[in-house]
2 protein chains.
Amino acid sequence: MPTVSSEELAAAAGVNSAKLRKDFSYLGSYGTRGVGYDVEYLVYQISRELGLTQDWPIVMVGIGNLGAALANYGGFASRGFRVAALIDADPAMTGKSVAGMSVQHADDLEKIVDENGVSIGVIATPAGAAQQVCDRLVAAGVTSILNFAPTVLSVPDGVDVRKVDLSIELQILAFHEQRKAGEGAVDGAEGAGVGVEGPAAKVTRPTAGDDRKGPDGDVPAVMPA
Amino acid sequence: MPTVSSEELAAAAGVNSAKLRKDFSYLGSYGTRGVGYDVEYLVYQISRELGLTQDWPIVMVGIGNLGAALANYGGFASRGFRVAALIDADPAMTGKSVAGMSVQHADDLEKIVDENGVSIGVIATPAGAAQQVCDRLVAAGVTSILNFAPTVLSVPDGVDVRKVDLSIELQILAFHEQRKAGEGAVDGAEGAGVGVEGPAAKVTRPTAGDDRKGPDGDVPAVMPA
DNA sequence: CCATCTTTGTGCACGCGTTCACAAAGACAT
DNA sequence: ATGTCTTTGTGAACGCGTGCACAAAGATGG
Ligand SMILES: NC(=O)c1ccc[n+]([C@@H]2O[C@H](COP(=O)([O-])OP(=O)(O)OC[C@H]3O[C@@H](n4cnc5c(N)ncnc54)[C@H](O)[C@@H]3O)[C@@H](O)[C@H]2O)c1
Ligand SMILES: NC(=O)c1ccc[n+]([C@@H]2O[C@H](COP(=O)([O-])OP(=O)(O)OC[C@H]3O[C@@H](n4cnc5c(N)ncnc54)[C@H](O)[C@@H]3O)[C@@H](O)[C@H]2O)c1
């Protein structure tokens, strides 16, 4: 019986082993003292808790540049997500084959969602259409939305929205990049011509690097998503 | 002089006003008591702190389905990112025009990075090529990488990597989706035929919803990115 | 110039997640 | 069966971010 110790897993994941054990204990998973965790059983338990044992049908709305790339992406299927339908409002797109599927017209959105029992939708339409598409998805029964359009979506309680904003990803990188460049230059004005400086002497700046917890740092939670 | 109070901003962002004020105080930005914050000055201060006042040249490597979609995306430029070059290893791609730019060959990667003073790179190659591309980018002087390939990249200290994994985004949605479905069914086995159950009685499960801090919830930090 | 009113900046306390440290549990050898 | 050795599961302490509450600051009006 192949096993792993919490120590090994923690090292691989880059986290504290005690934390990992405590987290596992919340899941009810348990190992064998002196031995470790049965790999197969552990994987099953975690998969089940994360909802990976069941198949989730998803619909994708907006089959343009990004939507088509997503539709062609094989990584979804391997994690238990099945693209049930591709939907676009452009009549020119309707009927076209993308990633081996026929693109369906947005008029049938409600029917498609209902017939396939879809609860997760992906929005890759232009920003202007996103809220409207979102409303229709929600009305049709979708309760989780992955949004690629650069808009904040309003949804009723009980509906989850995750927004993928690539610009913000880059901004986070740029933020840390700037910090690297400015390191050591305590009161020096990095960059060119920063005119209005204000009373910078009042600044109580935490030591650089303090804001990072794990392997991937995040910015403070002030800025709205 | 147009101003905003911390109260207004906090309401708009959905956070506590005290937290917002404290965060602002870290930036050295300061408002006027009894009045609020000068909007223009505040925007400038935050932009500067976040690195938005300078332009960041970026290179994009792997101009396939996803890379091309990204290249066509106008959202980067509006946030101060300039796509300095598109790079692909496929000779058939070289010289082709994508989003108004000529795709350059991967052989010239180092030269391109150097000449443009690029410190941020985007990887949209197949998983197999990602580490190799990453190594070359880093060797050429890139210190921040946005990775779309489903691989964990190894980088030396001082180099930041952010991974965009769309499957994980969907998994997070599915996770919450499952919780919604299982609510109220305290000890009922939702779904079909969950055979091996184990000593579920030992489970000390926190109340559903406890794991959420802000508007967008996240999974516990156990799972590696 | 003084009183009042609004809003900032922050000390302090609370709560939660993380980490330490260790007793208990079980495997395995003798 | 008993002892040893490894690794789990968890109580308790620690540290940090969040939120409360209020004094200080400054604007504004009389
Ligand atoms: N391309 C990228 O890399 C990228 C990156 C980040 C975000 N985004 C965002 O993703 C969205 C899509 O980007 P894109 O480059 O694929 O744009 P696109 O214009 O190529 O595609 C948009 C598609 O949505 C369809 N559409 C429009 N209105 C619709 C509606 N009401 N219902 C259904 N379909 C509708 C259009 O017919 C079109 O096919 C945009 O909001 C964009 O800002 C794109
Ligand atoms: N398409 C999606 O929606 C999506 C979503 C998530 C992740 N991804 C990942 O993003 C990556 C790209 O996806 P895609 O659909 O665009 O694939 P793709 O095959 O269409 O494009 C890959 C491109 O990379 C180029 N390439 C290969 N090796 C290279 C190298 N060593 N140097 C430079 N260029 C090289 C290829 O010539 C090709 O043009 C994949 O790793 C994929 O798993 C894609």
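Per chain, numbering begins at 1; letters A, B, ... match sequence-line order.
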Worksheet item: Going by atom types alone, do B/E40 and B/Y44 pair a side-chain donor with an acceptor below 3.5 Å?
Response: no
Discussion item. Taking donor-acceptor contacts at under 3.5 Å, does the side chain of A/R33 reach the base of D/dT8?
Written reply: yes
Practice prompt. Tell me what B/S17 touches on the nucleic acid: a base, only sugar-phosphate, or nothing, going by heavy atoms under 4.0 Å.
Written response: nothing
Worksheet item: Would you say a side-chain N or O of A/S6 is under 4.0 Å from OP1 or OP2 of D/dT8?
Response: yes
Fill in: Minimum-distance nucleotide (side-chain atoms of B/K19 versus D/dG9, D/dT18, C/dT10)
D/dT18
Worksheet item: What is the distance from CG of A/D38 to P of C/dA27, rounded to the nearest Å?
Response: 13 Å
Item to complete: Take atom CG of A/L20 and atom P of C/dT18, then tell me their distance rounded to the nearest Å.
Response: 12 Å
Discussion item. In this structure, how many angstroms lie between the P atom of D/dC16 and the CG atom of A/N16, rounded?
Written reply: 15 Å
Discussion item. If you take the centroid of each ring, where Trp contributes its six-membered ring, are A/F24 and A/Y30 closer together than 6.0 Å?
Written reply: no
Discussion item. Expressed as a whole number of angstroms, how long is the span from A/E8:CD to D/dT7:C1'?
Written reply: 11 Å
Item to complete: Would you check if there is a donor-acceptor pair between the side chains of B/R21 and B/S6 at a distance under 3.5 Å?
Response: yes
Worksheet item: Roughly how many Å is it from CG in A/D23 to P in C/dT18, rounded to a whole number?
Response: 7 Å
Worksheet item: A/A18 side chain: which of C/dG26, C/dA21, D/dC20 is closest?
Response: C/dA21
Response to the item:
With the side chain defined as heavy atoms from C-beta on, B/V35 is closest, among D/dT8, C/dG9, D/dA27, to D/dA27
Item to complete: To the nearest Å, give me how far apart CZ (A/R21) and P (D/dG11) are.
Response: 14 Å
Response to the item:
A/Y37 has its side chain closest, among D/dA27, C/dT19, D/dG9, to D/dG9
Discussion item. What is the separation between atom CE on B/M1 and atom C1' on D/dG26, rounded to the nearest whole Å?
Written reply: 12 Å
Discussion item. Between D/dG19 and B/K22, counting only base atoms on the nucleotide and side-chain atoms on the residue, is there a donor-acceptor pair under 3.5 Å?
Written reply: yes
Worksheet item: Closest nucleotide of DNA chain D for A/G36 versus for B/G34: which of these residues is on the 5' side?
Response: A/G36
Worksheet, complete the sentence: Rounded to whole Å, CG of B/L9 lies from P of C/dG9 at a distance of 12 Å
Discussion item. Just by distance, no angles: are the side chains of B/T151 and B/Q131 close enough, under 3.5 Å, to form a donor-acceptor pair?
Written reply: no
Worksheet item: Quick one: which of A/R162, A/K163, A/R79 gives a salt bridge (charged side-chain N to carboxylate O under 4.0 Å, His left out) with B/E169?
Response: A/R162
Worksheet item: Between D/dT8, C/dT7, C/dT19, which nucleotide gets closest to the side-chain atoms of B/S5?
Response: C/dT7
